[in-house]
Structures are given as structure tokens and as C-alpha cells.
Amino acid sequence: MSYGANLPDLARQTALYVDKILKGANLADLPVQQPTKFELVINLKTATALGLRITRDFLLIADEVIE
């Protein structure tokens with residue numbers, strides 16, 4: 001199971017930040033950037049191998065389920 005920043009979204013945010021820098025923005029004036037989109041991924045194959053039972057409700061809120 002993993003809960004973390006959505007990497008494609010993080011890459012887009014980074015690209016926008018780099019674009020500002022390349023256009024001459026002063027680094028001291030740029031705000032600190034943090035991820036804004038997070039995702040929950042559950043690996044059922046690994047959970048089963050570890051003897052864990054994942055509830056149906058938990059699977060429904062997951063962004064991605066690996067079977």
C-alpha cells in the first residue's frame with residue numbers, strides 16, 4: 001500500500017516552476033511548492049501474500065488497486 005503524491009501531477013507542477021525560473025523570476029520571490037494531489041494505491045497480491053485482508057470499503061476509496 002502506498003499513499004503519496006501523484007507523480008504525473010508533481011511533474012506538471014515542477015515544469016511550471018522551472019518555466020518561471022527560466023523566464024527570469026527571482027528565486028527568492030517564488031513560493032515553496034508542495035504536492036496538491038495525493039493517491040492511494042493498494043497491491044492486493046502482496047497483501048494476500050502477507051496474509052492481510054483488505055476491506056471492501058478501503059478498496060473503494062483507493063485510487064488504484066493492483067491485483
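The chain is numbered in sequence order, starting from 1.
The backbone N or O of Val32 lies less than 3.5 Å from no partner atom in the side chain of Tyr17, so there is not a single donor-acceptor pair.
Heavy atoms only, all atoms of each residue included: Gln34 and Gln13 are closest at O-OE1, 3.5 Å.
Residues Leu52 and Val41 fall into different hydrophobic clusters, defined by Ile, Leu, Val, Met, Phe, Trp and Tyr side chains chained together at heavy-atom separations under 4.5 Å.
With sequence neighbours left out, Thr46 forms a side-chain contact (heavy atoms from CB on, under 4.5 Å) with Asn43, Leu50. Scored by the side-chain contact (heavy atoms from CB on, under 4.5 Å) test, Leu16 finds no partners at all (sequence neighbours excluded). Listed by chain and number, the residues in a side-chain hydrogen bond (donor to acceptor under 3.5 Å, both in side chains) with Glu39 are Asn6 (sequence neighbours excluded). Residues passing the salt bridge (Lys or Arg N to Asp or Glu O under 4.0 Å) test with Lys23, sequence neighbours excluded: Asp19.
Sorted by first then second residue, the side-chain hydrogen bond (donor to acceptor under 3.5 Å, both in side chains) pairs that include residues 57-67, not counting sequence neighbours, number zero.
At a threshold of 4.5 Å between non-hydrogen side-chain atoms, the residues Lys37 and Pro35 do not count as touching. At a threshold of 4.5 Å between non-hydrogen side-chain atoms, the residues Leu40 and Met1 count as touching. Two residues are said to be in side-chain contact when any heavy atoms from C-beta on lie closer than 4.5 Å; Leu59 and Leu44 meet this criterion.
When hydrophobic residues (I, L, V, M, F, W, Y) are linked wherever their side-chain heavy atoms come within less than 4.5 Å, the members clustered with Leu10 are Leu7.
Distance CZ/Arg12 to OG1/Thr36: 9.5 Å, rounded to 0.5 Å.
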